[in-house]
Amino acid sequence: MNPLKRIKTLAISNCKSLLYSSSSSSHHFQNPSSPSKSHLYSSFFCTLIQTFLSCYRFTQALNSFLFMRSLGLNPTVHQWNHLLFRFNASGLVSEVPNVYSELIKCHQSSNLFARNVLIHAFCKMRMLDMALEVARDGEADVVSYNTVIWGFCDNGMVTSAVGFLSEMFKRGVGMNTISCNTLLKGLCDEGMLDESESLMNMFVCWGIGRDIVGFNTLLSGHCKLKAMDEAMGLVESMKGEGISPDVVTYNTLFHGFCRVGELDKAEGLMDVEKDGFGPNAITYTTFIGGYCKRKQLDKACLFYKEMVTSGILPDVVTYSALINGLCKSGQLLKGYSLFRRMEKMGITANHVSYSTIIDTLFKSGKPRELSIIQGEMVVRGIILDLVSHTILLDGLFKTGMVDEAEKVFKHISSLQFKPNHFTYTALIDGRCKAEDLKGAELALSEMQNRSICRTVVTYSSIICGYVRNGMLDMAVDIMNKMKDEHVFPNIVTYCTLMDGFFKMGKLEEALDLYEEMLKEGIDANKFIVDVLYNGLRKNGSMKKAETILRYMLEKGLPLDCVNYTSLMDGLFKQGKIEDAFKLELLMKNLVPDVIFYNVFINCHCLLGESGQAKSIFYEMKNMGLSPDNATYNILISAHCKEKKLDEALELFHEMNSTGLMPNAINYNTLVGGLSQHGNLTKAVDLLNEMAVAGFCPSPSTHRKVLLACSNLKRADSILQLHEQMVQMGLRPDRAVYNALIHVLCTLGMTQKATVVFKEMLGKGIAGDTMTFNALILGHCRSGHLDKAFDTYSQMLLVGVTPNIATYNSLLGGLSAAGRMEEVDRLLHEMQNKGLAPDGITYNILVSGHAKISDKKKSVLFYCEMVRNGFVPTIGTYNVLISNFANVGMMTPAKELLNELQKRGLSPNSSTYDILISGWSRLSNETEVKRLLKEMGEKGFVPAASTNRSIARFFARPGKKKQAQKLLSKMYNVKDG
DNA sequence: ATAGGGTTAG
């Protein structure tokens, strides 16, 4: 039985016997009959409490203490002091003041030891005022003051700490080496190396010599600043003073070399010196940790083996380092099983081991395992430190649990912790990713106010936040600010900003940054290559993109799957399909991931090869890769575009059945696709499902759904569906209102459109050109020209600039009403505003004048139109031709027919009708027969009016019937 | 009881 269990069993049986023994209960214990028995009980309780404390069973420890007090047991001063010490050392620091006051209740005499522990506890809780009060207000010795000095140093208040030396002198409390060494550490922690050396000299003057601990502290200070030459120099001067380096000295040096990545130097030193100093567990752990951080697990394992064969037992720190190494190199399972094996070996996991596992679980997205581990940690009563809390904060933000993360931050501040730059950086990064830029800015200024240093990661995080929100100016401001503070941008900073500039289409700025980065001596890595390649190609500089990529490949920069994915996308979209395929073969060395396959599938979809895309989809599944939401979305979207709606739906159901929950994008794609291709019923069903799932339609989906209503003449559904989509969370912005107004107007529902327009204005959203255009078009289509012109005037009045579409609507409306004089006037107005007619305008002008039989003007505009490079529609040609054909001018009609064919247009059914009627008018049987034949060959059927013309002009008395017979034989025309 | 070295976070 292990000691804990034994004591527990003992405790329970003792408590039971105490509580339920024959005679009258609690009274008996409050006044224990024999003093020796009382002594026995209290010493028993003290042991029990201390055992609980050493196993971090804080609740039980506290309950036992309270129970002991309630029984009126009174331990000796020695026992009390020891208890106090254990409370302070175990982590249950917050109870120290209470235990101390209980102690004072029992033993009023002065107790310097207890006071010093109390000072220490107050220091740990950052209650420096209280600590100082205890030290000043009564008996104090060098330990009391050293502890206070330590407390102030530990809170970054070195200057105040140095100040206590004179107070000690005044009170006649002698200083010792520990006073010196404590201050040394405080100064070193602030990077004040010069000051710490002067302090050391000062103490020497006072007759307090420097010792190995002081030297080691100084050495550690140099190592933390990565000043390894100075560190080595210090070891030499130490030897010069007759102090030989010890295991701590070497461990400090090894760690220093590990930190600067010179593990070989550390190892060399170890090989030469190890017989002299005797490596211990910390020595080996330093190397194991160093190699794990560099992901050289094989080397780490070698050290582990050497450690074990040397008979040095690995401890929880050693295992935590190894677990971290495994987890960080992607071997989560191995890391976790080592975590469990360590426990079986009797080494209890501490907050670091747990934090490592929790960090990994957060980052690899394993929520179930995460909650199990967290539960276990709570049950074991493991106390989290600032780092553990930061891990939680970061993990919660990264998994989108913003509120929980903010709670953790509040919790950190409410505990005795002072958030450091890691905490604040995680907070800033998290708030940026949650699009809370104001919050991020607030955190940054809080850091400044609290004088917490901002690192390159801090600034890069907020730069990333600005970039993601398109606020490049702010991002650049931060970049300048950091440079002013001598925090220099690193490759991540440059990468983020370059990416931002490229995404905003600001190619030059991005390339300038690249130049700057190279000038700063930072070499491009695979991330930079990806940003450059994608940025350049997506901004139309394919050649430059390829040049840079080729250069990087020649330089031997190892590219990864992500780079190849971009490359494949680039080659495909350039039409270099063969090369892209070759690339896929090249990839055989690298393992393609889901995203690579997604791009590959998408490329085939872009070529309209959904069949090919699907077979790659199967290949991917055979490779053991699970398609994700994006994979399905690419396929669903492609099938929708090819109007294969059933297959698209099938894919959607397949996704559901494999347990992949559809996301907002999936729903939007499918609802949009179904709407665009006429299946409004299914689209609406899905929209309802989407609402239940809590997703919001995109503005584009909104537009597609409404357009479908309009195309299917389902006017009644438009407003209702619009309302529904707004209920689902669609923000009714200007674009959304424009879509709604446009759809209502195309259906001629201008009154409803006007109501919507007013609602929009009521919400403070002003109409833009699109809004007014939709309304004007609506009024024109429904023949309310006056309203159309009222709207136009209103548009000009509120300062919205009309564009060519505005005028085309108005011109079209006037033209349809035959008001050609006004057309000409408006045309001039338009041209005066610097707007040139486009193809649509010309079609309106040509056909408008033709319709009122103004042959001269219509031909004039026709010539101008053609001269300006616009091709009239077949409809315009028809109006123009009929203008001539109707009055028997068949020569120009014929010429126009030739012209339209020269321009790549083909006559349609109406063209033939017009021409046949024209020739009939002239009784030209040959032409009529020829055209009828040609028309028939093209599968056109003459209109009833054409047949009547033929009949009218060809029918001589008695032959009308014959003509009709002929016609019906040729075309199966029932009636003439 | 107070001072130096190893593991975790952005």
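If you're wondering where the values come from, they're calculated on a predicted model, not measured in any experiment.
Within the 6.0 Å centre-distance limit, the rings of Tyr354(A) and Phe339(A) are counted as a close aromatic pair. In this structure, the ring of Tyr304(A) has its center no less than 6.0 angstrom from the ring center of Tyr284(A). Here the two rings, on Phe169(A) and Tyr145(A), have centers that are 6.0 Å apart or farther.
Thr318(A) comes within 4.0 angstrom of a base, heavy atoms only. Note on His389(A): nothing from the nucleic acid sits closer than 4.0 angstrom, heavy atoms only. Across all strands shown, Thr458(A) has heavy atoms under 4.0 Å from base atoms, whether or not it also approaches the sugar-phosphate. In this structure, Thr217(A) reaches the sugar-phosphate backbone alone: every heavy-atom distance under 4.0 Å involves primed, P, OP1 or OP2 atoms, never a base. Across all strands shown, Leu393(A) has no heavy atoms under 4.0 Å from either base or sugar-phosphate atoms. No contact: Asn111(A) has no heavy atom under 4.0 Å from any strand. Among the heavy atoms of the strands lying under 4.0 Å from Phe422(A) is at least one base atom, whether or not backbone atoms are also near. Using a 4.0 Å heavy-atom cutoff across all strands shown, Asn420(A) reaches at least one base atom of the nucleic acid.
As a whole-Å value, the separation of Phe87(A) CZ from dA1(B) C1' is 17 Å. Rounded to whole Å, the distance from CG on Leu103(A) to C1' on dA1(B) is 14 Å. As a whole-Å value, the separation of Ile382(A) CD1 from dT8(B) P is 17 Å. Counting to the nearest Å, the P atom of dA9(B) and the CG atom of Leu361(A) are 14 Å from each other. Atom CG in Asn146(A) sits about 11 Å away from atom C1' in dA1(B), given to the nearest Å. In this structure, CG of Asp141(A) is placed 9 Å from C1' of dT2(B), rounded to the nearest angstrom. One interatomic measurement links the two molecules: NE2 of His222(A) to P of dG5(B), which rounds to 15 Å at whole-angstrom precision. Atom CD in Gln374(A) sits about 15 Å away from atom C1' in dT8(B), given to the nearest Å.
In the set dT8(B), dT2(B), dG6(B), the nucleotide with an atom closest to the side chain of Lys293(A) is dT8(B). Residue Ile178(A) places its side chain closer to dA3(B) than to any other of dA3(B), dG6(B), dT8(B). Closest approach to the Val352(A) side chain among dA1(B), dG5(B), dT8(B) is made by dT8(B) (side chain taken as heavy atoms from C-beta onward). Among the nucleotides dA1(B), dT8(B), dG6(B), the one closest to the side chain of Thr356(A) is dT8(B). With dG5(B), dA9(B), dA3(B) as the choices, the nucleotide that has an atom nearest any side-chain atom of Ile282(A) turns out to be dG5(B). Nearest to the side chain of Lys328(A), among dA1(B), dA9(B), dA3(B), sits dA9(B). Closest to the Ser220(A) side chain, of the nucleotides dG5(B), dA3(B), dT7(B), is dG5(B).
Side chains of Glu369(A) and Tyr336(A): no donor on one and acceptor on the other come within 3.5 Å. Counted by atom type alone, Glu95(A) and Tyr100(A) present zero donor-acceptor pairs between their side chains at under 3.5 Å.
Judged purely by atom type and a 3.5 angstrom limit, His107(A) uses its side chain to pair as donor or acceptor with the backbone of Pro75(A). In this structure a side-chain-to-backbone donor-acceptor pair under 3.5 Å is missing from His411(A) to Lys407(A). Side chain of Ser364(A) to backbone of Lys366(A): no donor-acceptor contact under 3.5 angstrom is found. The main-chain N or O of Met482(A) is never found under 3.5 Å from a side-chain atom of Arg454(A) such that the two would form a donor-acceptor pair. Remark: side-chain polar atoms of Ser179(A) are not paired, donor with acceptor, to backbone N or O of Met175(A) under 3.5 angstrom.
Listed by residue number, the members of residues 181-201 of chain A with any heavy atom below 4.0 angstrom from DNA chain B are Asn181(A), Thr182(A), Lys185(A). Sorted by residue number, the members of residues 245-259 of chain A with any non-hydrogen atom under 4.0 Å from DNA chain B read Asp246(A), Val247(A), Val248(A), Asn251(A), Thr252(A), His255(A).
At dA3(B), one or more side-chain N or O atoms of Trp150(A) fall inside 4.0 Å of OP1 or OP2 (strictly under the cut-off). At the phosphate of dT8(B), OP1 or OP2 sits under 4.0 Å from a side-chain N or O atom of Asn324(A).
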Go through it in stages, so that I can follow the logic: the residues are Gln296(A) and Lys299(A), the test is side-chain hydrogen bond (donor to acceptor under 3.5 Å, both in side chains), and I'd like the CA-CA distance, side-chain angles, deciding distance and then a yes or no. CA-CA 6 Å; Gln296(A) 295 184 26; Lys299(A) 285 288 257 176; over 6 Å; no
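Taking only distance into account, the side chain of Asn280(A) meets the base of dG5(B) through a donor-acceptor pair shorter than 3.5 Å.
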